[in-house]
2 protein chains.
Amino acid sequence: MDGSKIKNMDEFAAVAGISRPTISKYFHDPSSVKQSTRARIEEALEKHDYRPNIFAMNQNRKLTRTVGIVMPYLADPIFGEIARTIERRCIDAGYRTALFSSHGERSGEIEALESLRALRPSGVMLAPLGRFSDRDFISGFCEEFPTVIFDRDIEGVGEAFVGSDNASFVSQSVEYLTRIGDPPCFFEMKNPANPNSIARRQGYMRSMRERGFEPMVVQVDGEGWEFERIGYDGGLGVIENRSLPTNTVLCSNDRLAIGFLAACYEKGLRVGRGSGCALRVAGHDNHPHARFTCPSLTTVAHEYEAISETGVSTLFDLIEQGGRFEGRRVERLPTRLIMRDSA
Amino acid sequence: MDGSKIKNMDEFAAVAGISRPTISKYFHDPSSVKQSTRARIEEALEKHDYRPNIFAMNQNRKLTRTVGIVMPYLADPIFGEIARTIERRCIDAGYRTALFSSHGERSGEIEALESLRALRPSGVMLAPLGRFSDRDFISGFCEEFPTVIFDRDIEGVGEAFVGSDNASFVSQSVEYLTRIGDPPCFFEMKNPANPNSIARRQGYMRSMRERGFEPMVVQVDGEGWEFERIGYDGGLGVIENRSLPTNTVLCSNDRLAIGFLAACYEKGLRVGRGSGCALRVAGHDNHPHARFTCPSLTTVAHEYEAISETGVSTLFDLIEQGGRFEGRRVERLPTRLIMRDSA
DNA sequence: GATAAAATTTATCGCGCGTAAATAAATCTT
DNA sequence: AAGATTTATTTACGCGCGATAAATTTTATC
């Protein structure tokens with residue numbers, strides 16, 4: 001904590017009275033130097049408060065021990081949560097992280113990967129935009145760096161995919177809803193930004209048919225990432241037009257459901273499975289706010305923890321194997337029904 | 001888009017048939033080279049798809065044109081939104097950004113600033129943790145890099161602060177609530193992570209006294225960042241104990257209010273200003289979800305856009321002035337009452 | 001105290017790029 | 001066409017660090 005500013009390793013080596021390569025070795029692994037020199041270094045460290053420049057370090061290192069994380073849209077709390085969980089696991093495993101958001105745009109995704117390239121990451125966790133992604137570009141990137149695709153798949157790209165099983169998502173919700181009440185319609189955006197949405201719709205249709213019901217898909221207008229707004233506006237629309245084909249609404253994701261519930265509240269429709277209720281509403285994902293909607297939202301949970309755990313350990317496997325698996329690993333994790341009050 | 005992989009500027013200079021310094025100059029400013037050489041470079045660029053390594057560039061550059069952004073907790077959608085807005089403004093101004101989250105922890109904040117130091121940013125937008133921040137460390141950082149503190153102030157640190165005026169926040173909500181109904185109590189966490197909370201409580205107390213009312217502060221247990229949970233549990237508590245001193249509840253922030261509203265709903269308390277309503281509830285911040293609570297949440301809005309705009313342009317001013325202002329600039333922007341249905 | 005083993009130092013190169021000065025080439029004057 | 005300018009190239013060095021080989025010192029072993 002001295003006033004003296006040390007700006008590089010040479011200067012620090014000088015004040016510590018130890019050669020630079022030894023200092024470098026120490027920062028690589030403190031236990032790799034003799035106990036007495038280690039003590040001297042750490043003593044100097046307390047006096048002078050120096051830290052090596054991480055980017056200069058990585059520039060010529062064999063292993064950077066850096067994991068790149070790319071999320072499609074960090075302002076969405078679901079992605080925020082996932083990113084935080086992954087970061088924690090990486091840090092616990094002795095890696096450092098570099099977090100990027102694509103901001104929902106193709107160019108943003110490319111920018112993020114381009115910046116990552118310059119960092120020469122040991123591995124990358126990539127949650128792609130999906131249908132807006134530049135498939136060829138990402139594919140090329142995956143050739144260069146060990147990359148695990150997660151959340152949404154880009155088929156055939158990268159050495160591994162880890163995500164929730166959309167079929168599992170929807171079959172659980174459809175099974176539950178049909179078991180204790182009328183079969184649900186499926187509420188979604190007309191042009192979903194998200195390929196998971198498509199898989200969910202298909203899963204819904206198959207689940208319904210398997211149970212002998214005719215699928216009912218309700219699509220509402222809206223683009224972009226303001227899902228609550230879209231669910232709200234769309235909800236108001238279908239309520240006012242009385243165009244809901246059933247009293248049970250299964251939303252493609254929780255954020256739409258949050259908006260839909262707001263519309264129901266405003267229109268005085270009581271939501272829940274009690275006798276006085278006009279409507280049942282359910283979602284998918286288990287959004288951090290799903291517990292606090294009115295009524296609390298019945299949903300099928302993304303197991304963040306499990307996905308992060310599996311994704312990160314798959315990545316570490318991949319890194320250990322030198323960046324290549326025999327065949328592409330695909331893991332679709334089961335999901336978990338969370339019964340609350342809305343359905 | 002050729003197959004040939006170019007890995008550095010030397011190789012690219014070779015295939016383009018132009019010297020490396022000229023290539024470097026081109027990437028600095030394409031219009032700084034002769035039209036004909038520019039054309040040749042861009043032709044080669046299309047063929048070979050090379051991009052310079054941004055971190056190597058920044059290492060020895062005078063101006064990195066990089067803005068560092070440090071948020072206290074990115075998983076909070078409010079901070080996600082603010083970060084996104086700031087990033088956009090920086091990019092529009094020709095800067096690149098590096099985004100970090102402190103993850104709500106002192107060590108995370110230090111890590112973030114330490115990483116930023118290695119990037120030698122042209123400027124930094126820092127939303128500090130507040131009372132968990134290492135004041136001395138941050139102060140030292142601000143000496144090195146032009147830094148604008150925003151969202152929460154650390155008095156005397158950095159060349160500028162830009163944020164909402166907490167007094168304005170609370171006086172608007174108190175004024176409104178007292179004008180159309182009973183005076184509000186103030187609902188908050190016992191140990192708020194956030195210095196804004198303290199300023200808001202003080203603002204509440206002053207506002208109340210100015211109007212001749214005795215302040216009523218309701219404090220609930222809870223630590224960490226799960227504000228909705230804390231608002232919900234605390235809300236259940238005060239409702240069950242009937243310990244609310246009044247029928248009007250002003251929450252320190254919207255996330256607490258979201259949890260509180262969920263508790264009200266569950267307890268069958270109708271919220272709003274109509275005749276059939278038991279309670280009025282209001283918040284502060286204008287959280288992205290505040291529009292979609294049930295009922296929609298009356299709140300006082302943070303003007304994200306204005307804060308980002310003012311903050312970033314203050315930073316650019318600061319950068320132009322060489323990193324120092326005459327005196328410390330403090331801008332507390334006014335807030336805006338948003339009347340919805342909850343109060 | 002001699003010998004082997006381990007740790008450190010010295011020296012030099014590399015990473016991918018910025019930058020400055022000196023030189024060479026192209027372009028513009030008159 | 002000769003001189004004056006602008007632009008481009010060459011040369012040389014720097015940023016902060018990693019990596020390695022050879023030379024030297026320190027420590028451990030007997």
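Within every chain, numbering begins at 1; the chains are lettered A, B, ... in the order of the sequence lines, protein sequences first and strands thereafter.
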Here the distance between atom C1' of C/dT8 and atom CZ of A/R38, to the nearest Å, is 17 Å
Which part of the nucleic acid does A/S36 contact within heavy-atom distance under 4.0 Å: base, sugar-phosphate only, or nothing? nothing
* Are OP1 or OP2 of D/dT27 and a side-chain N or O of A/K34 less than 4.0 angstrom apart? -> yes
*Do any N or O atoms from the side chain of B/R120 and from the backbone of B/T64 form a donor-acceptor pair under 3.5 angstrom?*
no
In short, ring pair (Phe, Tyr, Trp, His ring centres under 6.0 Å) pairs touching residues 119-159 of chain B with sequence neighbours left out are B/F141-B/F145
Separation between CZ (B/F100) and CD (B/E111), nearest 0.5 Å, reads 10.0 Å
Check your understanding: Can you tell me if CD on B/E155 sees more than 12 non-hydrogen neighbours from other groups inside 6.0 Å?
Key -> no
note: A/Q35, atom CD; C/dT8, atom P; distance rounded to Å ~ 11 Å
Is any side-chain heavy atom of B/R38 closer than 4.5 Å to one of B/I41? no
For nucleotides 9-19 of chain C, 5' to 3', base contacts (B), sugar-phosphate-only contacts (S) and non-contacts (-) with protein non-hydrogen atoms under 4.0 Å give BBBB-BBBBBB
Can B/R324 and B/E159 be counted as an ion pair, charged N to O under 4.0 angstrom? yes
